[in-house]
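Worksheet: the structure to be examined is printed underneath.
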Amino acid sequence: MKNYDYKQIEKKWQDKWEESGIFHAENKSEKPGFYALVEFPYPSGQGLHVGHPRSYTALDIISRKRRKQGYNVLYPMGWDAFGLPTENFAIKNHIHPEIVTANNIARFKEQLKSLGFSFDWSREINTTDPEYYKWTQWIFLKLLEKGLAYKKEMAVNWCTSCKCVLANEEVVGGVCERCGSEVVRKVKSQWMLKITEYAQRLIDDLDEVDYIERVKIQQKNWIGRSTGAQVNFNSTAGDIITIYTTRPDTLFGATYMVISPEHPLIDKWADKLSNIDDIMAYREEACRKSDFERAEVAKDKTGVCLKGVEAINPVNGKQIPIFVSDYVLMSYGTGAIMAVPAHDTRDYEFAKTFNLPIIEVVAGGDIEKEAFTDCETGVMVNSDFLTGLSVEDAKVKIIDWLKEKDIGFEKVNYKLRDWVFSRQRYWGEPIPVVFCEKCGCVPIPESELPLKLPMVDSYEPTDTGESPLAKIDSFVNTTCPCCGGPAKRETDTMPQWAGSSWYFLRYTDPNNSEVLASKEALDYWTPVNWYNGGMEHTTLHLLYSRFWHKFLYDIGVVPTKEPYARRTSHGMILGENGEKMSKSRGNVVNPDDVVNDYGADTMRMYEMFIGDFEKSAPWSTNSIKGCRRFIDRVWGLQDIVVDGDTYSKALEKTIHRTIKKVGEDIEDMKFNTAIAAMMALINEIDKVKSLNKADFKALLSMLNPFAPHITEELWETMGFEGFCSLADFPTYDEAMCKDDELEIPVQINGKLRSRIVIPNGADQATALDIAKKDEKIAYELSNGTVVKEIYIPNKLVNIVIKK
RNA sequence: GCGGGCGUGGCGGAAUUGGCAGACGCGCUAGACUUAGGAUCUAGUGUCAACGACGUGGGGGUUCAAGUCCCUUCGCCCGCACCA
């Protein structure tokens, strides 16, 4: 036996796979297609994280198994390469982001290749490649054409020190993530995408896809659908105030009203309000606060009562005061609420603070102590024609009443907001529109795509918060495609989420220059059969890409409503100390070191053996050794192999059972128990000390998806034909998975007293007969009378006796 | 506060979904081979007052039978955060 020289072996097979192109997917094939997808990485300067291979190995195992089962498999890889870290690195080190990106990609690619993934590298894509982002821009133009992209003045996070717009994720604890300075709100004109238009379909179509439940739940919560009513309140000023409520049944309990500080009626009523200065001061204070601060001071309710205008409750004509308070948001509902302190916790707190009346309209709680918000058990009181009804019935009746009087109607609201699509940054896709003095905002013609990022030396953020592109005159100044007159280009770029919202479509036809992917390719490959990724992308990437896909479906570009048929999620790999891996904690494990010290096969085995795939798990250097020992033992088996075309008698049952277990566990992503089963098989082989070629062949083939290099090498050594990677996944015979005889426990009164051997499938009479002949059981039975006899076929016998 | 999840040996984790708790691996103990062992092999390894009893965060319940179902309670992790 040669030494197990994993470095030489792994390099050898990686080269062979590349030369032979056996992992290339065919766009036309007699075989059924299978499209496996993992989230493509952001090629950061740190290189690959040990977390990346967890997901990649899992779907590599599934892809490799599918190939062995006769599928034409597409398992692609690419680079989500636009983004801030690269840009910041470029600024700091005076290297162009394009070069930084190219370097990072080269490193990532080398690392991924060293792990032996069966990616189809011929379909590699890169979101920063103009031939790729041409189509990202094209999709934007289509969204614009259909009215789903629009510009809006809105408040953004502004770092006073960096003089730069920050994404919400970059604001930590109310201050700038990078410099720690104060972050304020600043109103800027931003591109928005109308994802809200798709809110209902994004909920409904979850029924059609196979996503793990927590992903569905998280998406639904994020979209946040609620059913209620929109109601018009008259005011003493004569203006209508429109409110949204999920509890129209409590209308009789509305004792005051609250509008958001930004509400336009305040400006309209300025003359009528005697305390307008106080109100304006309150508004200014609220505007100055970041979202974070507004949420932070949630405990203490603040506000100002409007002096001079009151609202009129439509159900009883009572005049009620109007307050302005920052707990009402302009961005949700109508920016105004009716306050029912008896039945809403926030209103209750506010009413207590400002000493406002609290009227109970749903009986069942104790409103002296707290708001009663239960909708299930309460009965309506103090509510005229609603009194006596259940909450549910009252809702129906009041909505009918509102409709009849033409002052309100049933209304559905969503928490989901439109997607802020502008970034004032250099390293992103330029938004392909120009602004003409005559024609206004004009999209550039499709024939001019891609609109390339200009190559420049300086891309530092500007003092004004405009995109770095704004400083580049040669880029900004252009002519209007409409009238030919002078025009200025949009200088904002797209967010990183843009390129990743449709990348899976491009893999099906990555070099197409006519369309984003051909109809044939999309028909054959989409939807993605199996998509695995992180939970952290559930509400951003996953939702955004579903939205884009639905839009592309609507305009006839893609053939399916949903992009991904199945979505699974992996847990995080933590540092050895159980904390999240990070440089500052000093617990980062470099995958290169692991591959170097133990080999790619061991690394892959360990990442799959580490624990439940869906849960997070701490890294353990000691446990890696266990996987390496397993690999070494597999290597050692070549010495004891003897000829034999069928499974050896001593092992055949274990082999059938292991094939079954491994195959099923892969489908359920229970990789840890699949590996445990193969370890158990090896323990068995060691025990019987014999192995023939057929046994070994089956073991190698089922182990191949996990540890592809060593299995290819042994496959060749043993003289088996072709690539192990393409050899059939072994099949099992259900009948051979069963034993002729089984040992089952016998309990007396639920306590284990003995074990007996019964024929497989024995009936109750047989099993009990054997049990009663057992010495220990016979002794127990002699001490009492039998009350009940239970036999679970092939599982256990339990005899209940009375002493 | 709301939503989701978790709690099993010294550690990572198994348990056919109500049927022998602790598979598999790590670690540990003893032995073998060794100049050597952080290599390899063999045996052992939940706890205890040990032919038995106890044991899946705590308490209660349903059942012939509970890690698994129900009630209650404690603790931890993740996401969202005044969404009317």
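Please read these numbers as outputs of a predicted model, since none were measured by experiment. Here is the naming used below: chain letters follow the sequence lines, and residue numbers restart at 1 for every chain.
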Base, sugar-phosphate, or nothing: which does [X] touch, judged by heavy atoms less than 4.0 Å apart?
| X | result |
| --- | --- |
| A:T246 | sugar-phosphate |
| A:L796 | base |
| A:N622 | sugar-phosphate |
| A:T538 | nothing |
| A:R753 | sugar-phosphate |
| A:E536 | nothing |
| A:S226 | sugar-phosphate |
| A:E743 | base |
| A:I790 | base |
| A:D612 | sugar-phosphate |
| A:D347 | nothing |

Give a yes or no on whether a donor-acceptor pair under 3.5 Å exists between the nucleobase atoms of B:C82, that is its base, and the side chain of A:K301.
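Per atom types, the contact qualifies.
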Is there a Watson-Crick or G-U wobble partner for [N] with both distances under 3.5 Å, and which nucleotide is it?
| N | answer |
| --- | --- |
| B:A30 | B:U42 |
| B:G12 | B:C24 |
| B:U63 | none |
| B:C48 | B:G52 |
| B:U17 | none |
| B:U68 | none |
| B:C6 | B:G75 |

What's the spacing between A:R567 CZ and A:L542 CG if we round to 0.5 Å?
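Output value for this atom pair is 5.0 Å.
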List for me each residue that meets ring-ring contact (aromatic ring centres under 6.0 Å, His included) alongside A:F671, sequence neighbours excluded, and say none if there are none.
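Listed in chain order: A:F613.
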Expressed as a whole number of angstroms, how long is the span from [X]:[atom1] to [N]:[atom2]?
| X | N | atom1 | atom2 | result |
| --- | --- | --- | --- | --- |
| A:R657 | B:A23 | CZ | C1' | 14 Å |
| A:I212 | B:G5 | CD1 | P | 11 Å |
| A:I217 | B:G5 | CD1 | C1' | 10 Å |
| A:I610 | B:C11 | CD1 | C1' | 13 Å |
| A:Y598 | B:G38 | OH | C1' | 10 Å |
| A:E614 | B:G5 | CD | C1' | 11 Å |
| A:K689 | B:C41 | NZ | P | 11 Å |
| A:R214 | B:C78 | CZ | P | 14 Å |

Within 90° of 0 counts as syn, otherwise anti: where does B:U72 fall?
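Glycosidic conformation of B:U72: anti.
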Tell me if B:G4 is syn or anti. Syn = glycosidic torsion within 90° of 0, anti otherwise.
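This nucleotide is in anti.
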Short side-chain N/O contact to [N] OP1/OP2 from [X], under 4.0 Å:
| X | N | answer |
| --- | --- | --- |
| A:K615 | B:A14 | no |
| A:R629 | B:U40 | yes |
| A:N221 | B:A81 | no |

Ring-plane angle category for A:H541 and A:H537, please: parallel below 30°, perpendicular beyond 60°, tilted otherwise.
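Perpendicular.
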Is the ring pair A:Y606/A:W619 parallel, tilted or perpendicular, if the boundaries are 30 and 60 degrees?
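Taking A:W619 first and then A:Y606, their aromatic rings stand perpendicular (interplane angle over 60°).
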Judged by each residue's nearest nucleotide on RNA chain B, which is more toward the 5′ side, A:K751 or A:G224?
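Result: A:K751.
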With nearest nucleotides of RNA chain B determined for A:K625 and A:N413 from heavy-atom distances, which residue corresponds to the more 5′ nucleotide?
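Its nearest nucleotide being more 5', the pick is A:K625.
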Could you walk me through whether A:N532 and A:T568 pass the side-chain hydrogen bond (donor to acceptor under 3.5 Å, both in side chains) test, one step at a time?
CA-CA 5 Å; A:N532 187 78; A:T568 53; 2.7 Å; yes
Which nucleotide in B:G19, B:C24, B:A84 has an atom nearest any side-chain atom of A:I337:
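Nearest to the side-chain atoms of A:I337, counting from C-beta on, is B:A84.
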Candidate nucleotides B:C41, B:C26, B:C64, ranked by approach to the side chain of A:S623 - the nearest
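Looking only at side-chain atoms, A:S623 lies closest to B:C26.
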Which value, in whole Å, describes the distance between the P atoms of nucleotides B:G3 and B:A53?
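Those two atoms are separated by 45 Å.
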What do you reckon, is CD of A:E664 surrounded by more than 12 foreign heavy atoms closer than 6.0 Å?
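Yes, the 6.0 Å shell around CD holds more than 12 heavy atoms from other groups.
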A:D418-A:T196 side chain donor-acceptor pair, cut-off 3.5 Å:
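Looking only at side-chain atoms, A:T196 and A:D418 do form a donor-acceptor pair, the distance falling under 3.5 Å.
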Please find out if less than 6.0 Å separates the ring center of A:F609 from that of A:F630.
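No, they do not, as the ring centres are separated by 6.0 Å or more.
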Aromatic ring proximity A:Y256/A:F350, centre distance under 6.0 Å:
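Distance test on ring centres: under 6.0 Å, yes.
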Members of residues 670-680 of chain A that approach RNA chain B, where some heavy atom sits under 4.0 Å away
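Residues of residues 670-680 of chain A under 4.0 Å from RNA chain B: A:K670, A:N672, A:T673, A:A676, A:M679.
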Taking salt bridge (Lys or Arg N to Asp or Glu O under 4.0 Å) as the definition, give me every residue that meets it alongside A:D344, ordered by chain and number, with sequence neighbours left out.
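With sequence neighbours excluded, A:D344 shows a salt bridge (Lys or Arg N to Asp or Glu O under 4.0 Å) to A:R346, given in chain and number order.
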